[in-house]
Undergrad: 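Starting off with a structure, shown below.
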Amino acid sequence: MEAPDGPLLIFAGAGSGKTRVLTHRIAYVIAARGVRPDEVCAVTFTNKAAREMRHRVEQLIGDSIKGMWLGTFHALGARMLRRDGDAVGIPRDYTIYDEADRLVAMRNALRAEGIDEKRYTPSRVATAVSMAKNELIDARVYQASAHSDFEQAVARAYWSYEQELDAASALDFDDLLLRAVVLLRESDGVREHYQTRFRHLFVDEYQDTNHAQYELVKLLAAQHGNVTVVGDDDQSVYAFRGADVRNILAFERDYPNTRTVTLEQNYRSTQPILDVAHAVILRNEDRAEKQLWTELRGGEPVRLISVYDEREEALAVCAEIERLIGREGLSLSECAVLYRTNAQSRAFEEVFLRRGIPYRLVGGIRFYDRREVKDVLAYLRLCANTRDAVSFGRVVNVPRRKIGDRTVAELEKLARRKQLSPLEAAGRLEDTDGLGPGALSALTGFVELMDRLHTQAQSVPLPVLMEHILIDTGYRDMLQDGTSEGAERWSNVMELIGLAAEYADVPPPDGLLQFLENVALVSDVDSLDDTAVGVTLITLHQVKGLEFSAVFIAGMEEGLLPHTRSMEDGDAGIAEERRLTYVGVTRARRHLYLLHAFRRHLYGTPQLAEASRFLQEIPKELIEVPMRPGGPLVANIRASGAVRGAVHAHAVRANPVTLAPQRYREGMRIRHDGYGDGTVLKSTMTRGGEELVIKFDDHGVKIFSVGDATLWPVQG
């Protein structure tokens, strides 16, 4: 079917080939309708999806897509603001604050307003401000409508927080959308430019749009009305960050001449998996009617596994993965464990390490969140934007320059009094008597250093600038201290240098600005290494857009799935949790396992667990319950030696780095060459190896990494 110009709504069920449909539609309007690539704007929600979309369009029409705007909503907003933000007072060199930076700025705002941080935590207030921005509610409007004590506290903090950002020439993630909408609303010239330029607008995952994204689409599409949106209301799972499923359900009302297409054939999963998915989502009201079907008839039944606790849950998953690899030829990377909360990964990590099964944890410490990486990025951001207060605070005493917390606090007071940035205030210290001569000298030296680096940022390529930063600041010498930790941290910095090398040919300072912008827009899923080998551990929220041959959905219990917080939101909350379960189920291609425990540690204490209501909604004939003597459970938690051998061989072939075996157990007597004899209190397998807690007879309790200590067993 070749749909004409005008609004087009595509309801694309899970695994129905929505990316293929969207990319073919883009290629069609360019090749058949005479639309230039630079007249097309396509937006989605992850860089990973944007890269895949770009690659597929290039395959269809060749390299002639130069000029097309294709990226995430936030990347679109950042690009518009970088280019035209001065029309609403946003400087071109603005900084994008990540989550950690946002919390620092919010903490400063709370202190400036004298708000009790224990009663109103920075994270709670920041979340309220974020939700307001997603609804396009600025500080002034929020203040006018605040009623409760909490809302009034948020209103004061919101106002002060915005002042913090403005003084630093910084935007947070939500501002990239809010300010882009403000730009289009308030600048007639800018709005007309983009409405004229973008003759065709394409939006992926439209069911996940919040109010700010919804308004951005409407503003851009207002002139031509050529807007194609693809989505599935059954996969709307981001209400916690402002997504409104009503946006896709009301599309035909917003665009009266809409042509609607529904894609129900699934090319990913077997029919038993799709039947379970339909049984789960069928209970939701106010959804577009559709039922996925496939030509992949037959297939393995969906299995329900009941376990005693989270450790037995992890053991059961390991045993089944070993069976799938050893007897059915699946690879480790074809298997995934999905769960509702990040805390659930702990038991799986521990058991996987003990059994020598490599894994990939999504949502752990990201590369860009590592201390040394954030330090170098803070230096780069301060070079690009000398008003960035958060970056200044991070690196002013890294490496140590004898600039302590008291000195920084005095400097911040001076900066507020003079309405300057901290770096500017550090260059005007003649009016303060609260600092000693040592601190004054150190601050003066830091200002001179940053002045030189800022000047270099305007004239030298990004990799050269990074080299100057690492050498001139002393950061390289600080890391290269001869320790294994220093070497590991330096290797992360080297990886960052390698990423920056891609911008070597971009003229300064544009290379620096583009690099910092792209780094700020990277998400956890974007950084998932598709070439890495291992079982994927990932939350249900993060797994959208991915698929695996074998999927294990863990923790299907009341309070976890559906989650307690969602249950407090009534029917709407339960409906979203049901959609989240549907997303998890439809990630599976061939094998699907649903797990629940009778007992689970939640919030630090063991609690009895009740099977999820979603399990009870699935007809019994659609699921299989493996049996063992004594009750339902996975057939055999202890895999055979042959199967374990096949798993080990596969892991070694795929990943030559082998995991060290666990050598010590609780109660074992050991000897250390420095502390003498002691008793092992605890042994834990971590990604770095075996870690011991030892109580020495004469030196108390110590913690050791086995690889870093000289230990040997003794009789005793």
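Sequence positions, counted from 1, serve as the residue numbers for this chain.
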Undergrad: Give, for atom CG of Leu423 and atom CZ of Arg428, the distance between the pair rounded to the nearest 0.5 Å.
TA: 10.5 Å

Undergrad: Any cation-pi pair here, Lys290 with Phe11, using under 6.0 Å and within 45°?
TA: yes

Undergrad: Any donor and acceptor pair, going by atom type alone, linking the side chain of Arg197 with main-chain N or O of Asp38 inside 3.5 Å?
TA: yes

Undergrad: Is the number of heavy atoms from other residues, nucleotides or ligands within 6.0 Å of CZ (Arg246) greater than 12?
TA: no

Undergrad: Do side-chain atoms of Ser345 reach the backbone of Asn342 as a donor and acceptor pair under 3.5 angstrom?
TA: yes

Undergrad: Could you state the interatomic distance from OG1 (Thr407) to CG (Leu411), rounded to the nearest 0.5 Å?
TA: 8.5 Å

Undergrad: With sequence neighbours left out, what residues match His211 under side chain to side chain contact (heavy atoms under 4.5 Å, CB included)?
TA: Glu135, Leu136, Tyr214, Glu215

Undergrad: Taking Gly573's backbone N and O only, do any of them form a donor-acceptor pair with Glu577's side chain (distance below 3.5 Å, no angle check)?
TA: no

Undergrad: How are the rings of Tyr158 and Tyr142 set relative to one another: parallel (under 30°), tilted (30 to 60°) or perpendicular (over 60°)?
TA: perpendicular

Undergrad: Can you measure from CG (Leu81) to CD1 (Ile90) and round to the nearest 0.5 angstrom?
TA: 4.5 Å

Undergrad: When you look at CG of Asp405, are more than 12 heavy atoms from neighbouring residues, nucleotides or ligands closer to it than 6.0 Å?
TA: no

Undergrad: Would you indicate whether the side-chain heavy atoms of Val585 and Ile553 approach each other to under 4.5 Å?
TA: yes

Undergrad: Taking C-beta and beyond as the side chain, do Gln235 and Val245 meet within less than 4.5 Å on heavy atoms?
TA: no

Undergrad: Determine whether the aromatic ring centres of Phe240 and His541 lie less than 6.0 Å apart.
TA: yes

Undergrad: Can you find a heavy atom in the side chain of Leu8 that is under 4.5 Å from one in the side chain of Val229?
TA: no

Undergrad: Is a side-chain donor-acceptor pair under 3.5 Å present for His74 with Arg79?
TA: no

Undergrad: Please check: side-chain N/O of Ser145 versus main-chain N/O of Val141, any donor-acceptor pairing under 3.5 Å?
TA: yes

Undergrad: Nearest 0.5 Å please: distance from the CD1 atom of Ile248 over to the CG atom of Asp233.
TA: 6.0 Å

Undergrad: Can you confirm whether Cys41 sits close enough to Val43 that some side-chain heavy atom of one is under 4.5 Å from a side-chain heavy atom of the other?
TA: yes

Undergrad: Any non-hydrogen side-chain atom of Arg259 less than 4.5 Å from a side-chain atom of Leu9?
TA: no

Undergrad: In a table with atom names and distances, give each donor-acceptor pair under 3.5 Å that connects a side chain of residues 200-210 to protein atoms at least two apart or in another chain.
TA:
unit_1 : atom_1 : unit_2 : atom_2 : d
Asp204 : OD1    : Lys18  : NZ     : 3.0
Asp204 : OD2    : Lys18  : NZ     : 3.2
Asp204 : OD2    : Thr44  : OG1    : 3.2
Glu205 : OE1    : Gln207 : NE2    : 2.6
Glu205 : OE2    : Lys18  : NZ     : 3.3
Gln207 : OE1    : Asp232 : N      : 2.9
Asp208 : OD2    : Lys544 : NZ     : 2.5
Thr209 : OG1    : Tyr206 : O      : 2.8
Thr209 : OG1    : Asn247 : ND2    : 3.1
Asn210 : OD1    : Ala212 : N      : 3.1
Asn210 : OD1    : Gln213 : N      : 2.9
Asn210 : ND2    : Asn134 : OD1    : 3.3

Undergrad: Which heavy atom of Ala221 sits nearest a heavy atom of Val227, and at what distance?
TA: CB-CB, 4.0 Å

Undergrad: Taking all atoms of both residues into account, what is the closest heavy-atom pair of Arg102 and Ser130, and its distance?
TA: NH1-CB, 3.4 Å

Undergrad: Taking only residues two or more places apart in sequence or in another chain, which ones pass side chain to side chain contact (heavy atoms under 4.5 Å, CB included) with Glu39?
TA: Val35, Arg36, Arg199

Undergrad: For Arg179, run the salt bridge (charged side-chain N to carboxylate O under 4.0 Å, His left out) check against Asp172, Asp174, Asp166 and tell me which one passes.
TA: Asp166

Undergrad: Could Arg579 and Tyr238 be counted as a cation-pi pair, given that NZ or CZ must be under 6.0 Å from the ring centre and within 45° of the axis?
TA: no

Undergrad: How far does OG1 of Thr260 sit from CD1 of Ile10, to the nearest 0.5 angstrom?
TA: 10.0 Å

Undergrad: With no hydrogens and no angle check, do the side chains of Ser421 and Glu424 hold a donor and an acceptor under 3.5 Å apart?
TA: yes

Undergrad: Is the backbone N or O of Leu382 less than 3.5 Å from a side-chain atom of Thr386, with the two atoms forming a donor-acceptor pair by type?
TA: no

Undergrad: Has the side chain of Asp84 got a donor or acceptor atom that lies under 3.5 Å from a matching backbone atom of Val190?
TA: no

Undergrad: Taking side chain to side chain contact (heavy atoms under 4.5 Å, CB included) as the test, write out the residues that go with Glu113, two or more places apart.
TA: Ile115, Arg156, Ser160

Undergrad: Within this structure, what is the CG-CD distance for the pair Asp188 and Gln195, rounded to the nearest 0.5 Å?
TA: 9.5 Å

Undergrad: Going by distance alone, is a donor N or O of one side chain under 3.5 Å from an acceptor N or O of the other, for Arg387 and Ser169?
TA: yes

Undergrad: Has Asp101 got a side-chain atom pairing as donor or acceptor with Asp98's backbone, closer than 3.5 angstrom?
TA: yes

Undergrad: How close do Ile574 and Met567 get, heavy atom to heavy atom, and via which atoms?
TA: CD1-CG, 3.7 Å

Undergrad: Regarding Glu252 and Thr258, is there a side-chain donor-to-acceptor distance under 3.5 Å anywhere?
TA: no

Undergrad: What residues, two or more places apart in sequence or in another chain, satisfy side chain to side chain contact (heavy atoms under 4.5 Å, CB included) together with Glu117?
TA: Arg107, Leu110, Arg111, Pro122

Undergrad: Taking Ala222's backbone N and O only, do any of them form a donor-acceptor pair with His224's side chain (distance below 3.5 Å, no angle check)?
TA: no

Undergrad: Extract all donor-acceptor atom pairs below 3.5 Å that involve side chains of residues 513-522 and protein atoms in other chains or at least two apart in sequence.
TA:
unit_1 : atom_1 : unit_2 : atom_2 : d
Glu517 : OE1    : Arg82  : NE     : 3.1
Glu517 : OE1    : Arg82  : NH2    : 3.2
Asn518 : ND2    : Tyr503 : OH     : 2.6
Asn518 : ND2    : Gln514 : O      : 3.3

Undergrad: For Leu540 and Val583, which heavy atoms make the closest approach, and how far apart are they?
TA: O-CG1, 4.2 Å

Undergrad: Using atom types as modelled and distance alone, determine if a side-chain donor or acceptor of Tyr94 lies under 3.5 Å from a backbone N or O of Ala78.
TA: yes

Undergrad: Please find the pair of heavy atoms, one from Ala384 and one from Leu512, that lie closest to each other, and give the distance.
TA: CB-CD2, 3.6 Å

Undergrad: Please determine, by modelled atom types, if Tyr97 and Asp388 share a side-chain donor-acceptor pair under 3.5 angstrom.
TA: yes

Undergrad: Quick one, Arg381 and Ile96 - any side-chain contact, counting heavy atoms below 4.5 Å?
TA: no

Undergrad: Side-chain contact, heavy-atom cut-off 4.5 Å: Phe614 with Pro562?
TA: yes

Undergrad: Given 3.5 Å as the limit, does a donor-acceptor pair link the side chain of Glu576 with the main chain of Ala239, or not?
TA: yes

Undergrad: Nearest heavy-atom pair of Ala180 and Leu176: which atoms, and what distance?
TA: CB-O, 3.3 Å

